[in-house]
Amino acid sequence: MSHQLSEGSLQVIMNGGVYDKPVMQVLGSKKIQGSGANERFRLLVSDGKHSHSFAMLATQLNDKLISGELSDYSVVQIDRFVTSVLKNTGKGEKRVMIILDLTIVAPGSEVGKKLGNPQTWTEESAAASTTSTPAPTPRPVAATPKPQMAATAPANLDSSLLSSQMTHPIASLSPYQNKWVIKARVMNKSSIRTWNNARGEGKLFSMDLCDESGEIRATAFKNECDKFYDLIQIDKVYFISRCQLKTANKQYTSLKNDYEMTFTANTVVAECIDDPGSVPSVKYDFIAINDITSKTPDSLLDVVGVCKSASDVQELTAKSTGKLLKKREVTLVDNSGGAVVLTLWGEEAEKFDGSTHPVIAVKGARLAEFNGSKSLSCLASTMLRLNPDEPHAHKLRGWYDNGGADMDLVNISARAGGYSGGSSEWITFSEAEARQLGSGDKGDYFSLLGVLTYTFSDNAVYKACPQEQCNKKLVDLENGLFRCEKCNREYPNYKYRILLSANVSDPTGDQRITAFNESAEGMLGKPAIEIGTMFENDKTAYTQMFEGIKFKSFVFKFRTKMETYNDEARLKTTVMNVQPIDYKDANTKLISSIKSITGIEV
DNA sequence: CCCCCCCC
């Protein structure tokens, strides 16, 4: 069987031209650097007319070579590639082709020989050639105050560096190589910010760039800030070269790159006008909304959801700075059954319109935690897109419009509330569980409307130390005196206190709880001294009292915390406060809950 | 060279 190679394709590519999916033969391979994850291989390839060892294998394809799948004499179709001009190697510039994806058309064992009679490709053969397709010429823009007006590249810029296929993948950038051009799309651009600190003052703006291979943040300071701020526009594609690379501080970016770039006086930026469509748009690493609970506070997350509801703009004053702030809380839902609040700030908050229930994709939102509830907050660096043309977004649109809007949701941002009075939002036991309340070090607080399903009357009342601050259970010395181990004293008197164990249920679950004196009194409806007296004098009435409060409903505020008894972890849930149901308040909450679940104004 | 990003 004969195999057709793309004769002449190699020459076109080496001249910076475009050649779609050339078929070539692998004639040899060689490890050129590194080991393990940093291993890189060079290939000797032939198109039947020329051969050249200029091809490098993208590291994700290393396995094909190591496994023997990509053996010598294999015929391959090169599905995706980029070419780059490597730094001065002593023999001038060296053009290489980085193979990003390939299909093995025929394994080497089947082909078994060199096809055709390829000649080694040289610069001279390029010069002699008249058949090559010239590269589309971009319009390089010099780093001048009026960049759009510059028609030609600066004299010291090798314009071939800006040829459309002669670019480096962003993922290949490192501080160890400084001669490169990237062709990147601007995903996000900050406003100009100034700083003034011990190290001096200045201004800056930053931008997030991406290409097919990856993404990177770039920052322009002072002069470069002025020079490039107007030129750089969100969603446009630029050729960019001559920036400084340094290690990125992961704390401040969710972009997947170990490095970030700084514009310098030599930085060149030219808008790509010919084929910007060849560069993809934003890269997200979406997390399902109900998985947000597993993330630690302050993480930067990418989330996509449908705007179920949005609050009005609220004004507030920042405690720390005294600044007047404007915010809007948007509730996002997705098909994981989770709902989360995303807080927008300032102008973004004011401009936002949630009435059409847009799909919102957010990249690099910060996870905030407050009273056991988790929510997302936009930072200046957060990227927000409404109804993006993106598969995840289309899927969610379809889900929401076809029943998703009516799905039961667990709102991970519902307020659990403290125990210091006031009306806090009610959640359910299943929501408390979904949010893993109690798993932290400090214990979590939440409120709910629940019913007492069981009460334990045994040992519910005890004789406690009469000292105001000490409620320790006394030891009856059976000589008319009671000993407090805590105070290390004996007393002739005591006070009764209640320690009630009970079960509380709501429609979603059931929880064993403990209520101390005041809250137990509230449930039993009698002061501890009466209950204690009843215990001493009328056991039947005492037992009936505990029976009598079974199936009574209350509004509970709990503190819950995971504790370990005998190597077994279980939730210890304590009643911090208990109130009879205020039906007016309860109905208000029900209405707002119906509104938030259905999105319908009630 | 920034890296603050807010409130309950």
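Side chains are part of it too, since the values below use all heavy atoms of this structure and drop only hydrogens, waters and symmetry mates.
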Separation of B/dC2 P from A/Y259 OH (nearest whole Å) | 21 Å
Ranking B/dC2, B/dC6, B/dC7 by distance to the side chain of A/F221, first place goes to B/dC2
Not counting sequence neighbours, which residues clear salt bridge (Lys or Arg N to Asp or Glu O under 4.0 Å) with A/K256? List them please.
-> A/D285
What nucleotide, of B/dC2, B/dC6, B/dC5, holds the atom closest to the side chain of A/N197?
-> B/dC2
Interatomic distance where CG belongs to A/L344 and P belongs to B/dC7 [whole Å] | 17 Å
Check every atom of B/dC6, B/dC2, B/dC5 against the side chain of A/W195 and return the nucleotide holding the closest atom.
-> B/dC2
Could you check how far CZ of A/R199 sits from C1' of B/dC2, rounded to whole Å?
-> 10 Å
When A/L204 and A/T321 are each assigned the nearest nucleotide of DNA chain B, the 5'-most assignment goes to A/L204
Integer-rounded Å distance: B/dC6 C1' and A/R328 CZ | 18 Å
How many angstroms lie between atom CZ of A/F516 and atom OG1 of A/T574, to the nearest 0.5 angstrom?
-> 5.5 Å
When rounded to whole Å, the CD to C1' distance for the pair A/Q314 and B/dC8 reads 9 Å
Looking only at N and O atoms, is any donor in the side chain of A/K323 or the base of B/dC6 less than 3.5 Å from an acceptor on the other one?
-> no
So, A/S375 and A/S413: side-chain donor and acceptor under 3.5 Å apart, yes or no?
-> no
Rounded to whole Å, CG of A/L342 lies from C1' of B/dC5 at a distance of 14 Å
A/Y252 has a side chain; which of B/dC3, B/dC6, B/dC5 sits nearest to it?
-> B/dC3
Taking CG from A/N188 and P from B/dC5, how many angstroms apart are they, rounded to a whole number?
-> 18 Å
State whether the aromatic ring of A/F370 stacks on the base of B/dC8, taking stacking to mean ring centres under 5.5 Å apart and ring planes under 30° to each other.
-> yes
Could one point to a donor on the side chain of A/E260 or the base of B/dC3 with an acceptor on the other under 3.5 Å away?
-> yes
Hey, is the side chain of A/S377 poking within less than 4.0 Å of OP1 or OP2 on B/dC6, counting only N and O atoms?
-> yes
Would you mind reporting whether A/F205 and A/T219 have side-chain heavy atoms less than 4.5 Å apart?
-> no
Side chain of A/K319 - closest among B/dC4, B/dC2, B/dC7 = B/dC7
Is the phosphate of B/dC3, meaning OP1 or OP2, less than 4.0 Å from a side-chain N or O of A/R193?
-> yes
Once you round it to whole Å, what is the distance between C1' of B/dC2 and CD of A/Q244?
-> 14 Å
Can you find a side-chain donor-acceptor pair between A/N188 and A/S381 that sits under 3.5 Å?
-> no
